[in-house]
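What follows is a single structure, written as structure tokens, with notes after it.
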Amino acid sequence: MKVAARTTVGKTVADFVGHLRERNVSPHTIKAYSRDLSLFATYAGSRGWKQIDHIIVRGFLSQLYDNGLSKTSVARALAAVRSLYRWLAREGLVEQNPAKLVATPKLAKKLPRVPTIEEMNSVIDGAVPEVAAFPERDRLMLELLYGCGIRNSELTGINIDDIQMSAEAILIRGKGKKERYVPFGETVKIALATYVPERQKVLVASGRPSNALLINWRGGRLTTRSVGRIIKRIAVAKGLSPDVHPHTLRHAFGTHMLEEGADLRAIQELLGHERLATTQRYTQLSMKHVLQVYDQTHPRAK
């Protein structure tokens with residue numbers, strides 16, 4: 001960015017990157033934005049902000065394609081330019097954001113690889129691997145994520161008094177502060193009965209009360225990051241892919257329910273999806289499984 005830094009756009013980009021550093025934005029984001037906006041400044045050349053319109057922005061993206069960048073990289077560059085313009089607007093340097101008039105490249109929706117029912121049973125059944133620091137809690141986490149299909153953030157947000165043992169249901173606080181009751185089965189009930197006394201021992205030892213269901217050894221509420229780390233560690237120890245994370249178990253819940261004949265609307269309700277279209281992604285996942293079975297078993301498919 002040595003040449004571009006002397007231009008109007010280049011100088012402003014340098015100021016914007018400095019602003020990101022002051023806000024303690026992640027180094028990864030700063031590096032990506034700095035690289036993308038450096039290319040944008042070079043493409044803009046000696047133009048001022050009033051001379052840059054959506055045609056110029058679109059031309060910049062075309063150049064990125066010509067240079068062999070993927071749709072994902074081009075989409076990220078466009079996001080960086082839009083972010084720059086939002087900052088310019090707040091600083092009073094521009095009145096419009098031409099980048100908003102440019103369509104984001106359509107990215108192929110990759111369906112996650114979902115563990116089979118047999119794989120999930122092998123992870124949850126049997127002894128919890130030695131890598132689990134708090135076996136009773138970690139088994140309950142697995143049971144809740146797969147048995148109830150809840151999100152990671154919903155899991156860590158559960159309080160001890162949200163559990164209604166007599167009704168075999170848990171109050172879940174979902175996106176947009178929407179609440180729903182999610183039923184749980186016998187295996188969750190057993191995991192709860194095993195974990196709750198151990199949880200109490202930890203709280204007594206730590207000397208700090210907590211309403212959180214899932215706690216760490218210091219008695220504090222477990223974070224979503226910790227949950228992700230624990231789930232991955234156990235999954236790998238049980239022979240699953242290191243790509244497994246808490247949301248994988250939610251996908252498995254929805255897919256396996258559908259494969260076993262559950263109604264799509266019921267799955268929508270259990271998952272807390274606002275739109276049925278979101279739940280219908282699981283029909284794609286399930287259809288993939290059906291096609292595999294067809295290819296392997298139908299005599300005319302061989």
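Small disclaimer: the values here were computed from a predicted structure and weren't measured.
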Side-chain heavy atoms nearer than 4.5 Å, only ILVMFWY residues, links allowed to pass through others: does that put I55 and Y65 together?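 Per the 4.5 Å side-chain linkage, I55 and Y65 are not co-clustered.
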Counting only heavy atoms not in E179, do more than 12 sit closer than 6.0 Å to its CD atom?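 For E179, atom CD is crowded (more than 12 foreign heavy atoms under 6.0 Å).
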Checking the side chain of [X] only, and the main-chain atoms of [Y] only, is there a donor and an acceptor separated by less than 3.5 Å?
X    : Y    : value
R82  : A99  : yes
R180 : L270 : yes
S62  : R58  : yes
T248 : H245 : yes

Starting at [atom1] of [X], measure out to [atom2] of [Y] and round the result to the nearest 0.5 Å.
X    : Y    : atom1 : atom2 : result
I158 : L140 : CD1   : CG    : 8.0 Å
E130 : I234 : CD    : CD1   : 12.5 Å
L145 : R250 : CG    : CZ    : 10.0 Å

Between [Y] and [X], is there a side-chain heavy-atom distance shorter than 4.5 Å?
X    : Y    : result
R199 : R137 : no
V74  : K71  : no
L142 : L249 : yes
R221 : N159 : yes
L64  : Y43  : no

Residues in salt bridge (Lys or Arg N to Asp or Glu O under 4.0 Å) with K201, at least two apart? E198
Taking only residues two or more places apart in sequence, or in another chain, which ones meet F134 in a ring pair (Phe, Tyr, Trp, His ring centres under 6.0 Å)?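 Expected list: Y195, W217.
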What's the verdict on side chain to side chain contact (heavy atoms under 4.5 Å, CB included) for D15 and E91, showing C-alpha distance, side-chain angles and the deciding distance? CA-CA 11 Å; D15 291 341; E91 295 293 307; over 6 Å; no
